[in-house]
Undergrad: 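Take a look at this one; I'll ask things after.
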Amino acid sequence: QVQLVESGGGLVQAGGSLRLSCAASGRTFGSYVMGWFRQAPGKEREFVSCINWSGSSTYYTESVKGRFTISRDNAKNTVYLQMNSLKPEDTAVYYCVADSMLRARMVIAAEWHYWGQGTQVTVSL
């Protein structure tokens with residue numbers, strides 16, 4: 001079992017930055033693939049990014065490439081999402097996700113086994 005707790009959301013002006021953190025329980029954190037999804041009001045959950053167990057491979061949805069960076073610290077059982085140059089369209093609830101393996105359909109929400117409760121990110125004009 002893995003429990004995920006997100007933090008770091010908030011209100012920021014367009015062009016600003018936020019860093020989300022996701023603390024995970026469990027002794028096997030280092031073996032899990034970690035990621036982030038987001039859900040804006042009235043929209044489906046959208047894949048944002050994920051990172052493999054060692055941090056050597058990262059993946060991003062096109063709309064955040066060059067602005068967001070995912071990283072992990074296995075010693076702290078924590079994964080991060082550094083978000084720069086934020087835009088109003090980044091406004092959403094951001095969810096931390098985890099799974100035991102990197103799946104081909106990583107962008108599909110149903111493919112991820114563990115989910116956090118979410119943290120709100122609001123970007124104002």
Side-chain angles (χ1 to χ4, degrees):
Q1 285 288 341
V2 176
Q3 291 185 329
L4 306 172
V5 179
E6 304 96 335
S7 62
L11 174 64
V12 64
Q13 287 189 327
S17 298
L18 282 174
R19 188 176 80 157
L20 304 183
S21 299
C22 173
S25 64
R27 295 176 295 173
T28 58
F29 171 82
S31 66
Y32 278 80
V33 180
M34 304 295 297
W36 294 91
F37 275 71
R38 65 186 180 185
Q39 187 169 22
K43 295 188 177 182
E44 294 185 353
R45 290 189 180 184
E46 174 192 27
F47 171 81
V48 176
S49 178
C50 69
I51 186 168
N52 71 338
W53 69 273
S54 68
S56 61
S57 295
T58 58
Y59 305 85
Y60 299 93
T61 192
E62 194 63 35
S63 63
V64 308
K65 284 181 180 178
R67 300 188 298 122
F68 291 11
T69 302
I70 191 170
S71 61
R72 66 190 295 162
D73 185 337
N74 289 343
K76 295 182 178 180
N77 281 15
T78 301
V79 63
Y80 305 98
L81 185 68
Q82 178 67 44
M83 305 186 295
N84 298 329
S85 302
L86 282 162
K87 304 175 181 180
E89 51 264 44
D90 294 317
T91 295
V93 177
Y94 282 71
Y95 296 91
C96 180
V97 295
D99 208 302
S100 59
M101 61 184 297
L102 184 62
R103 304 181 189 279
R105 300 194 306 167
M106 68 181 84
V107 300
I108 305 299
E111 292 289 308
W112 293 84
H113 193 76
Y114 300 104
W115 289 76
Q117 292 300 306
T119 185
Q120 176 70 47
V121 172
T122 303
V123 184
S124 64
L125 289 170

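This one's a predicted model, so the numbers in the text were calculated from it and none came from an experiment.
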Undergrad: Got more than 12 heavy atoms from elsewhere within 6.0 Å of CD, Q120?
TA: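 Yes, enclosed.
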
Undergrad: Is there a path of hydrophobic side-chain contacts, each under 4.5 Å between heavy atoms of I/L/V/M/F/W/Y residues, joining Y94 to V12?
TA: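 Same hydrophobic cluster.
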
Undergrad: Shortest non-hydrogen contact from S71 to V79?
TA: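 Minimum heavy-atom contact is O-CG2, 3.1 Å.
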
Undergrad: Any sub-3.5 Å donor-acceptor pair from N52's side-chain atoms to G55's backbone N or O?
TA: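 Confirmed, N52 side chain pairs with G55 backbone.
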
Undergrad: Which atoms form the tightest heavy-atom contact between S17 and S85, and what is the distance?
TA: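 So the two residues come closest at OG-N, 4.3 Å.
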
Undergrad: Going through the distances and angles, do V107 and T61 end up as a side-chain contact (heavy atoms from CB on, under 4.5 Å)?
TA: CA-CA 8 Å; V107 300; T61 192; over 6 Å; no

Undergrad: Any side-chain heavy-atom pair from Y60 and I70 closer than 4.5 angstrom?
TA: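 Contact flag for Y60/I70 side chains = yes.
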
Undergrad: Just so I know, are the side chains of R67 and D90 near enough to count as touching, which here means a heavy-atom distance under 4.5 Å?
TA: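 Yes. Closest side-chain heavy atoms under 4.5 Å.
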
Undergrad: Counting distance only, does the side-chain N/O of S25 pair as donor-acceptor with the main-chain N or O of Q3 below 3.5 Å?
TA: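 Side chain of S25 to backbone of Q3, a donor-acceptor pair under 3.5 Å: yes, one is there.
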
Undergrad: Treating Ile, Leu, Val, Met, Phe, Trp and Tyr as nodes and any side-chain heavy-atom pair under 4.5 angstrom as an edge, say whether V97 and I108 lie in one connected cluster.
TA: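 Per the 4.5 Å side-chain linkage, V97 and I108 are co-clustered.
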
Undergrad: Inspect the surroundings of CD in E89 and state if more than 12 heavy atoms from other residues, nucleotides or ligands are less than 6.0 Å away.
TA: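 More than 12 within 6.0 Å, yes.
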
Undergrad: With a 6.0 Å cut-off (strictly less than), is the heavy-atom count around CD of Q82, excluding the residue itself, greater than 12?
TA: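 For Q82, atom CD is crowded (more than 12 foreign heavy atoms under 6.0 Å).
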
Undergrad: Sequence neighbours excluded, which residues qualify as salt bridge (Lys or Arg N to Asp or Glu O under 4.0 Å) partners of R72?
TA: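 By the salt bridge (Lys or Arg N to Asp or Glu O under 4.0 Å) rule, R72 matches no residue at all.
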
Undergrad: Are V33 and I51 connected in a single hydrophobic cluster, I mean Ile/Leu/Val/Met/Phe/Trp/Tyr linked by side-chain heavy atoms less than 4.5 Å apart?
TA: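 No, I51 and V33 fall in different hydrophobic clusters.
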
Undergrad: For T28 and S31, work out which heavy atoms get closest and say how close.
TA: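 Minimum heavy-atom separation between T28 and S31: O-OG, 2.7 Å.
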
Undergrad: Among E6, Q117, R38, which residue satisfies the side-chain contact (heavy atoms from CB on, under 4.5 Å) criterion with Y95?
TA: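 That would be E6; it is the only one of E6, Q117, R38 passing the side-chain contact (heavy atoms from CB on, under 4.5 Å) with Y95.
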
Undergrad: Looking just at side-chain N and O atoms, do R45 and Q39 make a donor-acceptor pair shorter than 3.5 Å?
TA: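 Checked: R45/Q39 side chains pair up, N/O donor to acceptor below 3.5 Å.
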
Undergrad: For V2 and A24, work out which heavy atoms get closest and say how close.
TA: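 Smallest heavy-atom distance, with atoms named: CG1-CB, 4.3 Å.
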
Undergrad: What closest approach, in Å, do A98 and Y32 show between heavy atoms, and which atom pair accounts for it?
TA: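 What the structure gives for the nearest pair is CB-CD2, 4.3 Å.
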
Undergrad: Donor-acceptor check, side chain of N74 to backbone of S54, threshold 3.5 angstrom: yes or no?
TA: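 Checked: no pair found.
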
Undergrad: More than 12 heavy atoms of other residues, nucleotides or ligands under 6.0 Å from CH2 of W115: yes or no?
TA: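 Yes, the 6.0 Å shell around CH2 holds more than 12 heavy atoms from other groups.
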
Undergrad: Mind checking whether L86 and L81 sit in one hydrophobic cluster, side chains of I, L, V, M, F, W, Y counted as touching below 4.5 Å?
TA: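 Linked, L86 and L81 end up in one cluster.
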
Undergrad: Going through the distances and angles, do V121 and M83 end up as a side-chain contact (heavy atoms from CB on, under 4.5 Å)?
TA: CA-CA 10 Å; V121 172; M83 305 186 295; 3.9 Å; yes

Undergrad: Within this structure, what is the OH-CD distance for the pair Y114 and Q1, rounded to the nearest 0.5 Å?
TA: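 The CD atom of Q1 is 4.5 Å from OH of Y114, to the nearest 0.5 Å.
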
Undergrad: Do M34 and L4 pass the side-chain contact (heavy atoms from CB on, under 4.5 Å) test, and can you show the C-alpha distance, the side-chain angles, and the key distance before you say yes or no?
TA: CA-CA 10 Å; M34 304 295 297; L4 306 172; 3.8 Å; yes

Undergrad: Is a side-chain donor or acceptor of T78 paired with a backbone partner of A23 at a separation under 3.5 angstrom?
TA: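 No; zero donor-acceptor contacts below 3.5 Å.
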
Undergrad: Decide yes or no on side-chain contact (heavy atoms from CB on, under 4.5 Å) for C50 and W36, but give the supporting numbers first.
TA: CA-CA 6 Å; C50 69; W36 294 91; over 6 Å; no

Undergrad: With the 4.5 Å side-chain cut-off for hydrophobic clustering, are M106 and V64 part of the same group?
TA: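 As far as the 4.5 Å side-chain criterion goes, V64 and M106 are not connected within one cluster.
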
Undergrad: As a test of understanding, state which of F37, F68, Y59 forms a ring pair (Phe, Tyr, Trp, His ring centres under 6.0 Å) with F47.
TA: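 Testing F47 for a ring pair (Phe, Tyr, Trp, His ring centres under 6.0 Å) against F37, F68, Y59 leaves exactly one candidate, F37.
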
